[in-house]
Amino acid sequence: MRAPLVNFRRFQITAPWPLVWTVTVVLLLVRSTVLAGRFVVFALRHWRSWPVVVLVLLAVDAYRDHGWWPHLLVLVVVAATGAVWWWRGRDSFRRLVVLRAVSLWRRLLIYRRQWHEVMSLCGLVKKYDGGEVLPRLLSVRCTDATDELVLRMPKGQNPEVYHKAARDLAYSFGTRHCRVFSGRRQAPPARSGRLAWLLRRIDAIRFRDRPRHVWLVFIRRDPLTRVVAPLPVPVRPDFTALPLGLREDLATYCLRLLATHVLIGGATRMGKGSVIWSLLRALAAGIRIGLVRVWAIDPKGGMELAIGRPLFSRYVDDDWSRMADLLEDAVARMRVRQQALRGKVRVHTPTVDEPLIVIVIDELAALIAFLADSDIRVRITQALGLLLSQGAGLGVLVVAATQDPRKEVVTVRDYFPTRIALGLTERGHVDMLMGDGARDRGALADQIPLSAKGVAYVLLDGQPEPARVRFSYIADDVIRDMAATFAAPPDIQPEPEPVPAPVKPARTNGNGRHTFRPTPPRQAAAPLLPPSLLNALDLDATRNGGEPR
């Protein structure tokens with residue numbers, strides 16, 4: 001029988017045992033450090049659970065020492081404190097207590113409980129190395145109408161996948177609408193005071209760009225099913241934030257009108273008038289003091305805008321030639337303002353002396369597509385092209401509405417930076433109006449029912465995803481009262497500066513002597529005499545170089 005290669009029983013092996021023990025201890029220390037680091041990260045990530053853990057431990061200790069009486073006393077004190085807080089500060093109690101409790105409840109029972117199932121069925125789970133990688137749910141924040149979920153995408157995904165799965169996600173979690181945002185929805189707060197420098201640095205970390213994070217907003221209770229009442233008229237209009245309606249998260253929708261043009265698209269009776277009158281109501285205080293001048297064109301014979309005639313400094317609804325003249329006058333105003341602001345500023349600041357001019361057109365297609373007179377149609381199209389391409393920074397803005405957003409109908413469609421999509425009749429009209437891919441990002445304007453007049457999709461500043469809003473409904477009596485209260489002052493037309501007639505160079509008779517030739521008067525029609533007779537009567541000089549006869 002052969003002897004074994006190594007006799008482990010007697011431990012007869014030559015090995016550097018100090019080195020082995022040193023490596024073993026180092027590996028154990030590294031492993032312990034890694035586990036401790038993971039525990040610290042876990043504890044920091046779930047720092048909101050610390051008070052709960054502490055309270056549970058204190059409750060258990062109190063029960064072991066004193067029974068149920070301390071718990072009953074604490075419950076009575078907490079209930080009394082909550083009742084007083086609800087009575088004296090209902091808003092803060094709802095924000096800090098009720099909504100946080102709802103967020104915790106919905107996170108655990110609605111989303112966390114069925115997260116794996118929904119993500120798998122909606123096709124958002126990635127396969128890797130024989131396992132599954134799910135989107136990670138980071139936080140849930142509830143408001144009165146929405147649930148905002150923040151999740152981190154696994155590697156190999158992009159936000160477009162969630163845009164396509166938005167409707168599946170909404171119905172899977174028991175709602176009807178889901179909005180997907182690839183960027184943070186809240187802007188960093190403005191800090192002031194002694195510790196502002198420290199708070200700004202903290203905000204720079206909190207609000208840093210996170211490309212792998214996606215924000216899902218589930219509409220738990222749709223507030224846009226009810227008609228939105230007219231909003232209060234601002235004391236002084238803020239042209240960067242004009243309140244026009246209500247967003248689906250119960251926030252007020254504010255339109256930025258400064259240095260932009262607005263195109264409103266929607267089918268018949270879908271609420272284009274609500275958008276126009278909500279905008280005029282937000283501008284009403286500025287109209288009364290002359291800070292804003294509204295020029296209105298209603299090609300439908302005044303069926304929409306004539307009821308608010310006192311609000312408009314200039315108004316045309318029955319003459320195509322006057323409509324073209326109005327637009328050409330706006331171009332002339334723009335040219336004068338260009339000469340005054342050239343080299344000074346890039347964006348016009350409205351004042352009473354140099355007000356903001358807003359041109360409201362109720363049906364744009366009637367002016368540039370369906371007008372029978374080709375000459376007037378060309379004048380209108382050229383004037384609109386100049387205003388849309390140059391007037392935004394000069395304070396001459398165009399707000400137009402149309403029923404058909406097709407390029408062959410609205411040829412100047414691409415010159416409108418701000419677009420509002422009401423209920424549309426066809427699926428393809430959404431991308432035509434809002435831009436390519438807008439419907440895939442959530443602008444389902446073709447699915448807005450007829451009962452939801454005034455509901456529209458708009459693009460918010462800094463967000464590529466459209467938001468769903470409902471504009472306030474302004475009744476006829478409210479319009480009449482608003483027109484009587486905020487009537488526009490008389491519009492004083494500036495006198496045009498006389499343009500000197502061009503001086504023609506004097507003519508010579510061949511001998512170096514100048515000959516005076518009066519300019520013939522301008523004639524509206526053909527000349528009374530033929531050109532040959534005029535040349536015979538208009539002799540430049542005699543044969544000997546004398547004066548003309």
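Arg220 contributes a side-chain N or O that, together with a main-chain N or O of Thr146, makes up a donor-acceptor pair within less than 3.5 Å. Of the possible donor and acceptor atoms, one in the side chain of Arg470 sits under 3.5 Å from a partner among the backbone N and O of Leu224. In this structure, the side chain of His429 does not engage the main chain of Leu424 through any donor-acceptor pair within 3.5 Å. A distance-only check finds a donor-acceptor pair linking the side chain of His348 to the backbone of Glu354 [under 3.5 Å]. Using a distance-only test at 3.5 Å, with no hydrogens or angles considered, no donor-acceptor pair links the side chain of Arg210 to the main chain of Arg152. For the pair Thr402 (side chain) and Pro405 (backbone), a donor-acceptor distance under 3.5 Å is absent. No donor-acceptor distance shorter than 3.5 angstrom exists from the side chain of Arg288 to the backbone of Ala285, with no hydrogens or angles considered. A donor-acceptor contact shorter than 3.5 Å is absent between the side chain of Glu248 and the backbone of Ile219. Judged purely by atom type and a 3.5 angstrom limit, Lys453 has no side-chain atom pairing as donor or acceptor with the backbone of Met270. Using modelled atom types, one side-chain atom of Arg212 and one backbone atom of Met153 make a donor-acceptor pair closer than 3.5 Å.
The side-chain heavy atoms of Ile297 and Leu327, taken from C-beta on, include a pair separated by under 4.5 Å. Between Ile307 and Arg480 there is a side-chain heavy-atom pair separated by less than 4.5 Å. No side-chain heavy atom of Phe416 sits less than 4.5 Å from a side-chain heavy atom of Val262. Considering only heavy atoms from C-beta on, Pro466 comes within 4.5 Å of Arg441 through its side chain. The closest side-chain heavy-atom distance from Val430 to Tyr457 is not below 4.5 Å. Counting heavy atoms from C-beta outward, Val469 and Val455 have side chains that stay 4.5 Å or more apart. In this structure the side chain of Leu279 never reaches within 4.5 angstrom of the side chain of Val275, judged on heavy atoms. Looking at Arg236 and Leu291, their side chains come closer than 4.5 Å, going by heavy atoms from C-beta outward.
Donor-acceptor pairing under 3.5 Å is recorded for the side chains of Ser182 and Glu465. The closest side-chain donor-acceptor pair between Arg377 and Gln382, if any, does not fall under 3.5 angstrom. Side-chain contact annotation: Asp353 with Thr351, donor-acceptor N/O pair under 3.5 Å absent. Glu304 and Trp277 form a side-chain donor-acceptor contact under 3.5 Å, judged by distance and modelled atom types alone.
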Evaluation steps, ring pair (Phe, Tyr, Trp, His ring centres under 6.0 Å), between Tyr111 and Phe218: CA-CA 11 Å; Tyr111 298 108; Phe218 293 92; 5.8 Å; yes
Stepwise salt bridge (charged side-chain N to carboxylate O under 4.0 Å, His left out) test for Asp203 and Arg191: CA-CA 9 Å; Asp203 291 339; Arg191 302 295 188 178; 2.7 Å; yes
Residue pair Gln338, Arg333: steps toward the side-chain hydrogen bond (donor to acceptor under 3.5 Å, both in side chains) verdict: CA-CA 9 Å; Gln338 276 180 341; Arg333 291 281 188 98; over 6 Å; no
Check against salt bridge (charged side-chain N to carboxylate O under 4.0 Å, His left out), Asp446 and Arg439: CA-CA 9 Å; Asp446 57 309; Arg439 195 183 187 281; 3.0 Å; yes
Trace of the salt bridge (charged side-chain N to carboxylate O under 4.0 Å, His left out) decision for Lys272 with Asp362: CA-CA 8 Å; Lys272 294 187 294 296; Asp362 183 45; over 6 Å; no
Audit row: Arg141, Glu148, salt bridge (charged side-chain N to carboxylate O under 4.0 Å, His left out) steps and yes/no: CA-CA 5 Å; Arg141 189 176 67 88; Glu148 180 178 327; 3.0 Å; yes
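To the nearest 0.5 Å, the span separating CZ on Arg179 from CZ on Arg468 amounts to 6.0 Å. In this structure, CZ in Arg406 is found 7.5 Å from CE in Met432, a value given to the nearest 0.5 Å. One distance of note links CE of Met323 with CG of Leu371; it measures 9.0 Å at 0.5 Å rounding.
Taking 4.0 Å as the cut-off between side-chain N and carboxylate O, Lys300 and Asp298 do not count as a salt-bridged pair. At a threshold of 4.0 Å, the pair Asp168-Lys164 does not count as salt-bridged, since none of the basic side-chain nitrogens sits closer than that to a carboxylate oxygen. Ion pairing between a basic and an acidic side chain is recognised when a charged N comes within 4.0 Å of a carboxylate O; Arg106 and Asp147 show such pairing.
Shown here is Arg94, whose CZ atom has more than 12 heavy atoms of other residues, nucleotides or ligands within 6.0 Å. Around atom CZ of Arg167, no more than 12 heavy atoms belonging to other residues, nucleotides or ligands sit under 6.0 Å away. More than 12 heavy atoms of other residues, nucleotides or ligands sit less than 6.0 Å from atom CZ of Arg200. For Tyr415, the OH atom counts as loosely surrounded, since its 6.0 Å shell holds 12 or fewer non-hydrogen atoms of other residues, nucleotides or ligands.
Proximity of the aromatic rings of Tyr162 and Phe181 is defined here by a centroid distance below 6.0 angstrom, and this criterion is not met.
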